[in-house]
Amino acid sequence: MNPIPMVDLELQYRQLENEINPAIADVLAGTRFILGPNVTEFEQEAADYLGVKHALGCASGTDALHLALRAAGIGPGDEVITTPFTFIATAEAIAYCGATPVFVDIDARTFNVDPEAARAAITDRTRALLPVHLFGQPADMAALQVLAEEHGLLLIEDCAQSFGAAIDGRQTGSFGLAGCFSFFPSKNLGCYGDGGLITTSDDQLFETLWTLRNHGRKAGDYYHEMVGYNSRLDEIQAAILRVKLARIDQFNEQRRRVAQAYGRLLGDTELVMPYEDGIGRHVYHQFTMLVPEQRREALMQALRDESIASAVYYPTPLHQQPAFADLGVHDGLPVSEEVSKRCLSLPVFPEMTDEQIERVSDCLKRAL
Ligand SMILES: *Cc1c(COP(=O)(O)O)cnc(C)c1O
């Protein structure tokens, strides 16, 4: 039987190669490899799509988070409230600034940060809230915006998994002071290497970000306002992203179609399907269910036996990672701890066929 991967990047490339190959060839022939015309065009197209004033390419999603926090003035002694149920880069970026990540528990249904838990964790050192729109599901931005306003906190969004996700038609990445996107190949909008993007509608923050990403340079000459970074979106990657950005709505719609089909086929089993609150548009970067803890390994094995991929995002919440052991918060976030033991993600990608979806669902039903 043909394997079913978590995401089929080769198939997508085959469908787009007639546009992507010439776009890459143009960059090679034009030789403007660093901050060339494709980066500028892509930044404008992304800003228009996301409904923000500015979008700035950078080297990765991790850098997008780091630069946004730095530009917002986060530094030593500051606390940034975030979720422990995410990829480690969210919290690494806080640590890079010398600030302290403060992990608070998540909502058991959406897997996103619980605004009430965030409220309870605010101290006089808290400077910012850093929610993640996990798996493509928008976080509760209405509640988080109220919290940020009441306590004078900055709000910065980790949109690495949520390109195209929206709340009432408003895109993630347009709610906070800044939104941080990743173009890691498997993300909803992915390039063919590393890449990232920071959005903001704040002119001053944009200027600082623009300077920070390119060695602290202000204008074209060798005059450096501050010690910055080499963190630029690659011109070849920008050319690829322009081809894919034109199709992002279609890709996300197809991901939603896959999720709905899984819901129809698996909804009446003991598997807990992803929750949709009906307000946010979930773009299913991952299709993540809750399964009985004791059955997870057996279910994964049953899928593996039929050449079907599955994955655990994420098996260890960040407060239990050795990397953050010095924070001294090893337990006490029960929802995150339980969800990490029960979560299981199934293949989901735009090109997935009905037959593939049925094969995955049938296999799980038999294993149950
Ligand atoms: C992928 C990801 C990142 C990091 O992005 P990179 O481009 O790999 O550096 C950050 N946060 C979350 C939630 C992610 O999924």
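First listed ligand is number 1; within each ligand, the first listed atom is number 1.
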List every atom of ligand 1 that sits less than 4.0 Å from any heavy atom of D158, numbering the atoms from 1 in the order shown and giving each element.
10 (C), 11 (N), 12 (C), 13 (C)
Nearest neighbour in protein (non-hydrogen) for atom 12 (C) of ligand 1
A160 CB, 3.4 Å
Does the side chain of D203 pick up a donor-acceptor pair with the side chain of H54 at under 3.5 Å?
yes
Name the one of Q15, E19, R14 that satisfies side chain to side chain contact (heavy atoms under 4.5 Å, CB included) with E17?
R14
Measure the acute angle between the ring planes of H319 and F103, then classify it against the limits of 30° and 60° as parallel, tilted or perpendicular.
tilted
What protein heavy atom sits nearest atom 15 (O) of ligand 1, and how far away is it?
Q161 NE2, 2.8 Å
Taking L205's backbone N and O only, do any of them form a donor-acceptor pair with D202's side chain (distance below 3.5 Å, no angle check)?
yes
Counting each atom of ligand 1 from 1 as listed, which ones have a heavy atom of G61 under 4.0 Å away?
5 (O), 6 (P), 7 (O), 9 (O)
Tell me the nearest of P185, G193, S182 to atom 5 (O) of ligand 1, using heavy-atom distances.
S182
Over 60° means perpendicular and under 30° means parallel, so tell me whether F287 and Y262 are parallel, tilted or perpendicular.
tilted
Is there a heavy atom of K187 sitting under 4.0 angstrom from any atom of ligand 1?
yes
Record the part of T62 in heavy-atom contact with ligand 1 below 4.0 Å; permitted values are side chain, backbone, both and neither.
both
Give a yes or no on whether the ring-centroid distance for H66 and Y96 is below 6.0 angstrom.
yes
Please test F183 against F42 for ring pair (Phe, Tyr, Trp, His ring centres under 6.0 Å), starting from the C-alpha separation and ending with a verdict.
CA-CA 13 Å; F183 303 126; F42 174 69; 5.5 Å; yes
Which of the atoms in ligand 1, numbered in the order shown and given with their element, are less than 4.0 Å from a heavy-atom of V132?
13 (C)
Protein contact of atom 8 (O) of ligand 1 - nearest heavy atom, named by residue and atom, plus distance:
F184 CD1, 3.9 Å
Output the list of atoms in ligand 1 that are nearer than 4.0 Å to some heavy atom of A89, sorted by atom number.
3 (C), 4 (C), 10 (C)
Contact check: T86 vs ligand 1, nitrogen or oxygen atoms, below 3.5 angstrom:
no
Close aromatic pair by centroid cut-off 6.0 Å: H282 and Y275
no
